[in-house]
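Values below: all heavy atoms of this structure, side chains included; hydrogens, waters and symmetry mates excluded.
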Amino acid sequence: MENKINYKDVPACFTHCIQADCQMANHCLRQLAMQALPDSERAVRILNPQLTKTAKKCEFYRSDEPQVYGKGFTNMQKKMLPDQYDTFRYRLQGKFGRNPYFERRKGERLCSPSEIKEVEAALKAIGHEELKFDAYVKKLNWID
């Protein structure tokens, strides 16, 4: 079978799965990472085989369907009043931290699907639910 992923894209501490006979193996990032594993890798993390299921209901399943990530939200600031922006910024800095907040705002770091929900909740709290990210990117969701 042809590898669907490039192993260089797999995060360093990503947990692999060795259940090649699983019904979901062809669409599970954990098994696809295992299939793409190069000979040069000396050691990798794997799931406990006694806990994995080879059925459609595995709690460790990670879909190979690309997810939508938000890239930057500098345009949001332009459409807020200063007090609204302060509330928005402080709320998100509490979730992400100061520097990571600014990295996400500038688009240097993508906002994962769960982080998009955090941003949307902060927008809702200040009454700006209609604001959108500067751009959106589709990519594999390894961690979120």
Side-chain angles (χ1 to χ4, degrees), residues 1-19 22-38 40-49 51-144:
M1 173 162 69
E2 182 181 321
N3 289 335
K4 293 182 177 184
I5 61 169
N6 182 344
Y7 198 79
K8 291 177 185 174
D9 296 334
V10 178
C13 291
F14 188 70
T15 307
H16 299 58
C17 179
I18 62 171
Q19 300 289 4
C22 176
Q23 296 176 22
M24 304 300 286
N26 290 334
H27 297 286
C28 180
L29 286 178
R30 297 188 190 286
Q31 177 51 219
L32 294 174
M34 194 69 193
Q35 293 171 13
L37 184 67
S40 59
E41 289 293 321
R42 295 180 60 88
V44 294
R45 292 176 53 152
I46 63 164
L47 292 167
N48 181 342
L51 298 178
T52 56
K53 311 238 183 312
T54 57
K56 290 190 176 190
K57 293 284 186 184
C58 179
E59 68 179 289
F60 303 106
Y61 174 75
R62 292 207 64 76
S63 175
D64 67 343
E65 187 72 31
Q67 302 291 309
V68 175
Y69 284 72
K71 183 174 183 179
F73 44 90
T74 55
N75 288 327
M76 290 180 190
Q77 179 182 2
K78 296 173 188 173
K79 296 180 179 166
M80 294 180 200
L81 297 172
D83 286 345
Q84 290 174 323
Y85 178 68
D86 286 344
T87 301
F88 174 79
R89 178 171 50 101
Y90 292 138
R91 182 177 177 136
L92 292 178
Q93 282 181 352
K95 296 284 184 187
F96 303 141
R98 186 179 187 283
N99 288 343
Y101 163 79
F102 286 107
E103 290 169 355
R104 286 175 177 86
R105 187 187 75 161
K106 291 186 249 178
E108 295 170 357
R109 182 187 292 195
L110 296 176
C111 287
S112 69
S114 66
E115 292 169 343
I116 288 174
K117 289 178 183 169
E118 294 287 346
V119 173
E120 289 171 346
L123 288 170
K124 185 176 182 178
I126 61 168
H128 277 286
E129 299 173 56
E130 77 286 351
L131 297 180
K132 302 294 179 204
F133 283 85
D134 299 344
Y136 292 90
V137 177
K138 276 192 155 191
K139 61 179 249 168
L140 294 175
N141 187 350
W142 293 99
I143 303 199
D144 189 30

Over 12 foreign heavy atoms within 6.0 Å of CG, N6: yes

Criterion side chain to side chain contact (heavy atoms under 4.5 Å, CB included) on L123 and M80, from CA distance to verdict: CA-CA 10 Å; L123 288 170; M80 294 180 200; 3.6 Å; yes

Student check: side-chain heavy atoms of Y69 and C111 closer than 4.5 Å: no

Pair F73 + Y101: ring centers closer than 6.0 Å: yes

Cation-aromatic face contact R30/F14, 6.0 Å, 45 degrees: yes

Minimum heavy-atom distance S112-D144, with the two atoms named: OG-OD2, 3.3 Å

Close side-chain approach of D64 to I5, heavy-atom, < 4.5 Å: no

Euclidean distance, R105 CZ relative to T74 OG1, rounded to 0.5 Å: 7.5 Å

Heavy-atom closest contact (T52 atom, C17 atom, distance): CG2-SG, 4.2 Å

Test item: D134 side-chain N/O and N75 main-chain N/O as donor-acceptor pair under 3.5 Å: yes

From CA spacing to verdict: side chain to side chain contact (heavy atoms under 4.5 Å, CB included), F60, K53: CA-CA 9 Å; F60 303 106; K53 311 238 183 312; over 6 Å; no

Stepwise side chain to side chain contact (heavy atoms under 4.5 Å, CB included) test for E41 and Y7: CA-CA 10 Å; E41 289 293 321; Y7 198 79; 3.7 Å; yes

R104 NZ/CZ over F96 ring centroid, <6.0 Å and within 45° of normal: yes

Closest non-hydrogen atom pair, F133 against G72: CD2-O, 3.3 Å

Close side-chain approach of K139 to D9, heavy-atom, < 4.5 Å: no

Contact summary for Y136 and G70, nearest pair of heavy atoms: CD2-CA, 4.2 Å

Reference residue R62; test side-chain contact (heavy atoms from CB on, under 4.5 Å); the match among L140, L29, T15, L32: L29

Any side-chain heavy-atom pair of K56 and M24 under 4.5 Å: yes

K71 side, atom NZ; L110 side, atom CG - distance, nearest 0.5 Å: 6.5 Å

Considering all heavy atoms, the nearest R89-D86 contact: NH2-OD1, 3.1 Å

Y85: which of Q77, H128, K78, M76 passes side-chain contact (heavy atoms from CB on, under 4.5 Å): Q77

Main-chain N/O of E108 paired with E103 side-chain donor or acceptor, under 3.5 Å: no

Atom of K79, atom of L131 and distance for their closest heavy-atom approach: CD-CD2, 3.6 Å

Separation between CE of M34 and CD1 of I46, rounded to the nearest 0.5 Å: 6.5 Å

